[in-house]
Amino acid sequence: MKVADLPLPQTLKTRYAERGIENLYPPQEACVAAGIFEKKNLLCAIPTASGKTIVAEMVMHRHIADGGKCLYIVPLRALASEKFEDFSGKGAKVGVATGDLDRPDAYLGRNDIVVATSEKVDSLLRNGAPWLSKITLLVVDECHLIGSPDRGATLEMVIAKLLMKNPGMQVIALSATVGNPGAIAGWLNAALVTSEWRPVDLREGVYFEGAIHFAEREDRTVAGKSRYDDLNLVLDTVAEGGQCLVFVSSRRNAEAFAKRAAGGLKLSEPALDTASAAIEHEAQTDLGRTLALCVRNGAAFHHAGLSSAERHIVEEGFRNGSIRVISSTPTLAAGLNLPARRVVIRDYLRFGDGGMAPIPVGEYKQMAGRAGRPHLDPYGEAVLIAKTADAVNDLFENYIDAPPEEIASQCNAENALRSHVLSLIATAFCRSRPDVLAFMDRTFYAYEHQGRRSTIHETIERVIDWLCDKEMVTALGDRLEATEYGTLVSRLYIDPRSAETIVDALAKAPDFADLGLLETLARTPDMLTLYLRKDDYEVIYRFIDEHIDELWTGLPYGDDEMQAFFCSVKTAMLLLNWSEEVTEAMICERFNVGPGDIHNKVETAVWLIHAASRLASLFKRPFAQPIADLEIRVKHGIKKELLPLIKLRGIGRVRARRLFNAGLTTPEELRAAGIGALVPVLGEKTAASVLAQVEGKGGGKTAPPEKDEAPRSRQAFLSAFCGDEE
DNA sequence: GGCACAGCATTTTAGACAGCATGTC
DNA sequence: CTAAAATGCTGTGCC
């Protein structure tokens, strides 16, 4: 089937032709045959890289040509940006909406295609974005994620809400291969296309004692260049001109393997030196220095502790072929499109609740699917490593030949329902108990449990009772209505339990204290706390003792409660360090985290502090202002004294501190000092722009993020935080 | 006394969504 | 349903 014959706008056909896309892949033809251009719903469950995105894109352009509007839901922000780039420049107006990339609602609605994360869509629904009712085509990427325990319910609810809101809307769901595609297709009233077809041949095998064993072809011997099996697998592929992805179970393993690979590869190329230098330039941290060292030799590691700059350099280096191997935690498994000729799934056991557990088949398939770069590799290889002869068969049985898991709805979980039921009521999607039950009847959960006994009605009743008890919802007979509090919680998009934790703490707090609030926020279910290490206990205990007046809660009883408390205090300590201008490197060292972790914690904290300030203006007025100040401080990582300066555009953490230390502490003082005094501190260009602002009565702030090069302190390790001497 | 090393004990452990209010080149 | 690997420490044996 030829692209040229499809009912598509000429612009798109031209763009495809330029990229050499002339014929459809077989699964894509099946999608066309399933009636995607006749507004039929579709569930397309085929392997990665077999052209799902293009199927969706073609249908989107068909809709746009007919005056429609498309919403493309993705699970990750990075994916949203990637799809945004993909779809842009092909004749459609494209927009992104994620928590960090946002446009005003009305502006967003002017696009033909909006790419958004599921949570963002949910939030837009809660905040009543009017253009959502104009969506004629919904594309759900990675649709199998409705089975994910933590975020699946949101995706399912968003789909259900949109289906209810826009009855004529076409749905295209794209999914990895799953165990029960028929069930999902049935729920969506969609035609089902499944296929194992891939543009690049995928060979799945198990390595054991010097050779990769395949089911349907000869073993492949791997030269024993080193004493490490995993390294040999990498060197083998690199020698052949390919690249390698190695999936491991922990950050430490990822780093250790990258070092080993760097030693084995010992490459030396200008491109690698450039990338390494770029990382070194960024790096004030041990992690960065280690990474730079690895990259110089052609290897890298990848996990959530990397700063976004470091991640970007590693991904780009791999994409352009200079970095030969990345050892990665699951970050890369589900994220960006970063294929490699050989994928080594080295660790198929991962730590979880109650010990090491084998990763799910679906996750294996996802990682294996990364093997083989279309048009670049002659084939792709996915290799598991067996440690014993017995394991070889087990691995074939449990992964390579195993059927992927079935997807199950996560909508009967009380934790998820609390938030979603509240939003249904707050947005007047549902106005009574029967309404809520009727709505839930349209979910995948209900479809799955047709004619079977289920407990969801009881769960819903319990959740509604809880919401009433906490005064987020009022009930008058069957009629339900959200209170001002409940509406706010729904719009803030925080877990109702988090709201309760915050409101409760605010009510009990005698005086405002930064630490008190931060510890409260770290205790909410919306913030994951840091891991507690053995040596931390004593330090944290002493810290609590010294700061007991600033904490809004005393020592709890019970071991688990105590441990949770220590975790939240530790997390609050990190945030406090950050807002006291402790350097990134120092925080990394003290808390044993990476720059990426700091960023994540800070981002979550800023979101929750904002929520807290809104809740405070409802329940504890006097706290609203100090909370708003803290929000700015945590956002920029500055002490209180820099608050006046940070308001200026172009002034971030570093420059504000430099100005302050130069004796310029307010915009007024900057104006009085004049350009001559500013240039030595800020450089000519920034000085001029800042001066223009203070002379023009100061402007609003949309400052670019600043590089972190704050002054160094001499403290090291968490113990130094208390200023103690052992 | 000092060093090497076996063997036992302790420690550590993945990831990443979300607000708001503005207008835009 | 379910832990494993790396690191730290201690005691022993040997020179």
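Quick note on labels: first sequence line is chain A, next is B, and so on, each numbered from 1. Please read all numbers here as calculations on a predicted model, not as lab measurements.
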N or O in side chain of [X] less than 4.0 angstrom from [N] OP1/OP2:
X	N	value
A:Thr117	B:dA18	yes
A:Arg77	B:dA18	yes
A:Arg251	B:dG15	yes
A:Asn600	B:dG15	no
A:Lys387	C:dA4	no

Whole-Å gap separating [atom2] ([N]) and [atom1] ([X]):
X	N	atom1	atom2	answer
A:His420	B:dC17	NE2	P	16 Å
A:Ile627	B:dG19	CD1	P	19 Å
A:Arg252	C:dA5	CZ	C1'	7 Å
A:Leu608	B:dA18	CG	C1'	9 Å

Of the listed nucleotides [options], the one nearest the side chain of [X]:
X	options	result
A:Leu349	C:dA4, B:dC20, B:dG15	C:dA4
A:Asn127	B:dC20, B:dG15, B:dA18	B:dC20
A:Arg614	B:dC17, C:dA6, B:dC20	B:dC20
A:Ala304	B:dC20, B:dA14, B:dA16	B:dA16
A:Ser250	B:dA18, B:dT12, B:dA14	B:dA14
A:Ala357	B:dG15, B:dG19, C:dT2	C:dT2
A:Arg151	B:dC17, B:dA14, B:dC20	B:dC17
A:Arg491	C:dT2, B:dC20, B:dA18	B:dC20

Which pairs, protein N/O on one side and nucleotides 23-25 of chain B N/O on the other, fall under 3.5 Å?
| unit_1 | atom_1 | unit_2 | atom_2 | d |
| --- | --- | --- | --- | --- |
| B:dG23 | N1 | A:Arg110 | NH2 | 3.2 |

> Would you find more than 12 non-hydrogen atoms of other residues, nucleotides or ligands less than 6.0 Å from A:Tyr485 atom OH?
Replying inline: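 Count over threshold, so yes.
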> Hey, what do you get for CZ (A:Arg346) to CG (A:Leu245), rounding to the nearest 0.5 Å?
Replying inline: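 Answer for the CZ-CG pair, A:Arg346 versus A:Leu245, is 14.0 Å.
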With heavy atoms under 4.0 Å as the rule, sort [X] into base, sugar-phosphate or nothing.
X	result
A:Tyr493	sugar-phosphate
A:Pro75	sugar-phosphate
A:Thr154	nothing
A:Asp535	nothing
A:Ser249	sugar-phosphate

>> Could you spell out the base pairing of DNA chain B as a dot-bracket line? Use Watson-Crick and G-U wobble contacts where both distances are under 3.5 Å, [ ] for crossing pairs, | for partners on a different strand.
In response: |||||||||||||............
>> Say we look at C:dA5 and B:dA16: how far apart would their P atoms be, to the nearest angstrom?
In response: 25 Å
> How far, in whole Å, is C:dA3 from B:dG15 if one measures between their P atoms?
Replying inline: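 Taking atom P in both B:dG15 and C:dA3, they lie 22 Å apart.
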Could you check whether [Y] and [X], counting side-chain N and O atoms only, form a donor-acceptor pair closer than 3.5 Å?
X	Y	value
A:Gln625	A:Asp629	yes
A:Lys161	A:Ser423	yes
A:Glu255	A:Thr290	no
A:Asp122	A:Thr154	no
A:Ser419	A:Arg126	yes

>> For a quick check, tell me whether the side chain of A:Glu631 and the base of B:dG19 share a donor-acceptor pair closer than 3.5 Å.
In response: yes
>> Is it the case that the ring center of A:Tyr364 lies less than 6.0 angstrom away from the ring center of A:Tyr348?
In response: no
>> Heavy-atom nearest nucleotide on DNA chain B for A:His302 versus A:Asp100: which residue maps closer to 5'?
In response: A:His302
> Of A:Asn592 and A:Lys120, whose nearest nucleotide on DNA chain B comes first from the 5' end?
Replying inline: A:Asn592
> Hey, does the side chain of A:Asp504 reach the backbone of A:Glu500 with a donor-acceptor pair shorter than 3.5 angstrom?
Replying inline: no
> If we only count heavy atoms from C-beta on, is the A:Trp131 to A:Leu124 side-chain gap below 4.5 Å?
Replying inline: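 Yes; the side chains approach each other to less than 4.5 Å.
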> If every non-hydrogen atom of A:Val569 is compared with every non-hydrogen atom of A:Glu519, which pair is closest and at what distance?
Replying inline: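 So the two residues come closest at CG2-CG, 3.9 Å.
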> If we require ring centres under 5.5 Å and near-parallel planes under 30°, does A:Trp607 stack on B:dG19?
Replying inline: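 No, A:Trp607 does not stack on the base of B:dG19.
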